[in-house]
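One structure below.
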Amino acid sequence: MEHPVQLYDTMTRQKKPFVPLNPPTVTMYVCGPTVYGDPHIGNLRSFTSGDLIRRWLEYRGYDVKYVLNITDIDDKTIRDSGTAGKTLKEFTEHYTGVFLRGLDMLNNKRAISHPRATAYVPQMIDFIKTLEEKGIAYDAEDGVYFDIDKFPGYGALSGVDVEKVEQTDRVSKDEYDKENAHDFALWKKATPDELERGIYYESPWGPGRPGWHIECSVMTNQLLGETIDIHAGGEDLTFPHHENEVAQSESYTGKQFVRYWIHMRHLMIDGGRMGKSLGNYVSFEDVLEKHSPEAFRYLYLSTQYRRPLNFTWSAMESAENTVHRLANTLDLIENAMKGPDDNLDFEEREATLLKTVKEAKTAFIEAMDDDINTPIALGHLHAISGAINEYVTGPANKGVLGEAARHYMELLNVLGLFEKRSTGGDEVTERLITMITDLRLEQRKEKNYAFADIIRNRLAEAGVEIQDTSEGTTWKLKS
RNA sequence: GCCGGGUUGGCUGAGUGGUUUAGGCGUCCGCCUGCAGAGCGGAUCCACGGGGGUUCGAAUCCCUCGCCCGGCUCCA
């Protein structure tokens, strides 16, 4: 098959044609969240970008096996569940639920698996055992460590020169019982507190729990195989997390671990870093209080995933307006399709519409193929929206309009916009509202505008938006 | 300090040597309209962090300085 998509690969630091190992199958793994709190809007950006890449590859004919893991055991989950007086399981299940609902709201497709680290502990133990047998891992006082001197390629992904860094790292070196400052834990032996709370697993090295990095190596291996096509995550994960994963997995299998490394840029706020301690933290909930999840997804799309995204409330409002406008085109289409069939001809207007739509779609596809350049793609989407809006100001040829609409919706769907849109209600609601707007129309004909406005206001209070047009009155339920 | 990325209009955001430096939002004007909304048409006045350099020509290449982000260190 053809492979038109170009993706930027962190390992080779260049954009290159995306060719999966076994087309049309694509194996894709995204490093998911540690579930110890509400979802972070910067984090959600990374996952939405992952969703977008997946959708685009599917649009391009690939069968994407997409996995997004859940880290449900680590220092923070253990600490905070203790503070909250809950068991680790209760605590992480709660936040896993919150996280998945957040993804749903943002219209991210569910992965084929959202594996939890705690479900793969036996496999992790086996994996570590093998590394130990190969002489790459060693058992120390407080855990089992990976000996990075045994992996010559260490540092290739992140460009970190371990030799250099070590010299400034004396202090932390003394704190641990490991042989080299950059050796990292594969297995952490249980602390007295963890033993008391029952947070541990039996292993050949005594009770304990897996290290963070080993989780991803084992779960990718179990679910997607030894070599995967795409491994993605936030830019902060490049070092040490992903570097360590490469070391573990390639030491274990002797094969290339990942063909394309994709890292998403962080989200900023007002041009700087966002943090709870900086007092400028904006939560997902804060955003949803003022704006639709659709608009939030649009904001994510408005910047290419590899560029910094600056969150501001004015950008958020802008996104809201834009989304409203794009959705309005769907309303205009719907209304025009309901209208009279008084145009059955194919003339210049029709030719122009289809030509514009076709050209814009081609350009949209080119932009997306070029490392998922969403800002450019959105520009072409607007060209289609505008062309349709203009066309329906006149009598519509329903065949031609339907064709244009089909392309428009296809592109909206691939971006994950308006898939769950519903403007209507059930049949009774629909007939009632139509009856009310018909009665109001009578009042308007009598020039009884005050009464007509009261009806309009009361409908708005009930969540029904109406618009008067030359063809009559149209309505839709507010989302 | 070291390594990597960034710095474009009121906001957002394309564009890596040469016709007008996209698109969106906002704002303004007009059309339509009982009003509102939506839509259509038009407008938005020297916008490329500072300073040097290369070139016939630079937002784009080179040098330098500033600021921002990520990593090196718990922080997504």
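To find a chain, count down the sequence lines: A is the first, B the second, and so on, and within it residues start at 1. The structure displayed is predicted, hence computed values, not measured ones.
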Heavy-atom closest contact (A:Ile199 atom, A:Ile73 atom, distance)
CG2-CD1, 4.0 Å
Dot-bracket for RNA chain B, 5' to 3', with Watson-Crick and G-U pairs under 3.5 Å, [ ] for crossing pairs and | for other-strand pairs: what is it?
(((((((..(((.....[....)))((((((.......))))))....(((((..]....))))))))))))....
State plainly whether the residues A:Asp236 and A:Arg265 are in salt-bridge range, i.e. N to O under 4.0 Å.
no
Over how many whole Å does the gap from A:Met264 atom CE to B:rG5 atom C1' extend?
16 Å
For B:rG15 and B:rA22, measure between their P atoms and round to the nearest Å.
13 Å
ring-ring contact (aromatic ring centres under 6.0 Å, His included) partners of A:Phe151, counting only residues at least two apart
none
Ion pair check, A:Glu410 and A:Lys361, cut-off under 4.0 Å
yes
I would like to know whether A:Asp468 and A:Arg444 meet salt bridge (charged side-chain N to carboxylate O under 4.0 Å, His left out); could you show each step before the answer?
CA-CA 10 Å; A:Asp468 296 321; A:Arg444 289 181 64 221; 3.3 Å; yes
Both A:Pro240 and A:Glu317 contact RNA chain B. Taking the nearest nucleotide for each, which residue is further toward the 5' end?
A:Glu317
Every protein N/O lying under 3.5 Å from an N/O of nucleotides 67-70 of chain B:
{"unit_1": "B:rC68", "atom_1": "O2'", "unit_2": "A:Gly271", "atom_2": "O", "d": "3.0"}
{"unit_1": "B:rC69", "atom_1": "OP1", "unit_2": "A:Arg273", "atom_2": "N", "d": "3.3"}
{"unit_1": "B:rG70", "atom_1": "OP1", "unit_2": "A:Arg273", "atom_2": "NH1", "d": "2.8"}

List in numerical order all residues of residues 33-42 of chain A for which some heavy atom is under 4.0 Å away from an atom belonging to RNA chain B.
A:Tyr36, A:His40, A:Gly42
What is the distance, rounded to the nearest whole Å, between atom CH2 of A:Trp212 and atom C1' of B:rC74?
11 Å
With a 4.0 Å cut-off on N to O distance, would you call A:Arg209 and A:Asp74 a salt bridge?
no
Atom-pair distance (CD1 on A:Ile388; P on B:rC40), nearest Å
11 Å
Start with the C-alpha distance between A:Thr303 and A:Arg307, add both sets of side-chain angles, then the distance that settles side chain to side chain contact (heavy atoms under 4.5 Å, CB included), and finish with yes or no.
CA-CA 7 Å; A:Thr303 304; A:Arg307 313 271 296 184; 3.7 Å; yes
Quickly, which of A:Glu245, A:Gln248, A:Met11, A:His242 forms a side-chain contact (heavy atoms from CB on, under 4.5 Å) with A:Phe257? Name it, please.
A:Glu245
Of A:Ala387 and A:Ser46, the one whose closest RNA chain B nucleotide lies more 5'
A:Ala387
Hey, are A:Asp9 and A:Arg259 close enough for a salt bridge, meaning a charged N less than 4.0 Å from a carboxylate O?
no
Specify the separation, in whole Å, of atom CD of A:Glu320 and atom P of B:rG24.
18 Å
Residues A:Glu194, A:Arg197: salt bridge by 4.0 Å N-O rule:
no
Nucleotide by nucleotide, nucleotides 11-16 of chain B touches protein heavy atoms under 4.0 Å in the pattern (B base, S sugar-phosphate only, - none) SSSSS-
Which is true for A:Leu267 with a 4.0 Å heavy-atom rule: it touches a base, it touches only sugar-phosphate, or it touches nothing?
base
Can you find a heavy atom in the side chain of A:His114 that is under 4.5 Å from one in the side chain of A:Asn69?
no
In whole Å, what separates the P atom of B:rA14 from that of B:rG49?
15 Å
Can you find a side chain N or O atom of A:Lys76 that sits less than 4.0 Å from OP1 or OP2 on B:rC74?
no
I'd like the P distance from B:rG24 over to B:rG17, given in whole Å.
25 Å
What interatomic distance, in whole Å, is found between C1' of B:rG57 and the corresponding atom of B:rU19?
14 Å
note: A:Glu366, atom CD; B:rA22, atom C1'; distance rounded to Å ~ 15 Å
Here the distance between atom P of B:rG39 and atom CG of A:Leu326, to the nearest Å, is 10 Å
Any protein N or O atoms within reach of nucleotides 26-31 of chain B? Criterion: under 3.5 Å, listing atom names and distances.
{"unit_1": "B:rG26", "atom_1": "OP1", "unit_2": "A:Asn321", "atom_2": "ND2", "d": "3.2"}

State which residues pass side-chain contact (heavy atoms from CB on, under 4.5 Å) with A:Pro395; sequence neighbours excluded, sorted by chain then number.
A:Asp342, A:Asn343, A:Arg349
Give me, pair by pair, the N or O atoms of the protein and of nucleotides 60-62 of chain B that are less than 3.5 Å apart, along with how far apart they are.
none

I want to check something: taking the side chain as every heavy atom from C-beta on, are A:Glu235 and A:Arg306 in contact at a cut-off of under 4.5 Å?
no
Rounded to whole Å, CG of A:Asn389 lies from C1' of B:rG24 at a distance of 14 Å
Hey, is A:Asp142 close enough to A:Lys188 for a salt bridge, meaning N to O under 4.0 Å?
no
Distance (rounded to the nearest 0.5 Å) between A:Phe91 CZ and A:Thr96 OG1
10.0 Å
Would you say the side chain of A:Leu332 lies within less than 4.5 Å of the side chain of A:Ile388, judging by non-hydrogen atoms?
no
What distance, rounded to whole Å, do you find between the two C1' atoms, one in B:rA47 and one in B:rC56?
26 Å
Atom pair distance, as rounded to whole Å: NE2 in A:His263 and P in B:rG4:
16 Å
Taken in chain and number order and not counting sequence neighbours, the residues that satisfy salt bridge (charged side-chain N to carboxylate O under 4.0 Å, His left out) with A:Lys15 are A:Asp370
If I pick the C1' atom on B:rC29 and the same atom on B:rC63, what distance separates them, to the nearest angstrom?
48 Å
Anything under 3.5 Å between a donor and an acceptor, one on a side chain of residues 449-466 of chain A, the other on a protein residue two or more places apart or in another chain? List them.
{"unit_1": "A:Asp453", "atom_1": "OD1", "unit_2": "A:Arg456", "atom_2": "NH2", "d": "3.3"}
{"unit_1": "A:Asn457", "atom_1": "ND2", "unit_2": "A:Asp453", "atom_2": "O", "d": "3.3"}

Nearest-0.5 Å distance, CG of residue A:Asn310 to OG1 of residue A:Thr312
6.0 Å
Spacing of the C1' atoms in B:rC74 and B:rU27 (rounded, Å):
46 Å
Nearest-Å distance once atom P is located in both B:rA58 and B:rU20:
15 Å
Take nucleotides 32-37 of chain B nucleotide by nucleotide from the 5' end and write B, S or -, depending on whether a protein heavy atom sits under 4.0 Å from the base, only from the sugar-phosphate, or from neither.
--BBBB
Specify the closest pair of heavy atoms between A:Gly50 and A:Tyr66, including all atoms of both residues, with the distance to one decimal.
C-OH, 3.4 Å
Roughly how far apart are A:Tyr300 OH and A:Ile41 CD1, rounded to 0.5 Å?
5.5 Å
Looking at A:Asn328, does any N or O in its side chain come under 4.0 Å of the phosphate oxygens OP1/OP2 on B:rA38?
no
Scan residues 372-385 of chain A for pairs that pass side-chain hydrogen bond (donor to acceptor under 3.5 Å, both in side chains), counting only residues two or more places apart or in two chains.
A:Thr329-A:Ser385
Does a salt bridge link A:Arg110 with A:Asp104, judged by any charged N lying under 4.0 Å from a carboxylate O?
yes
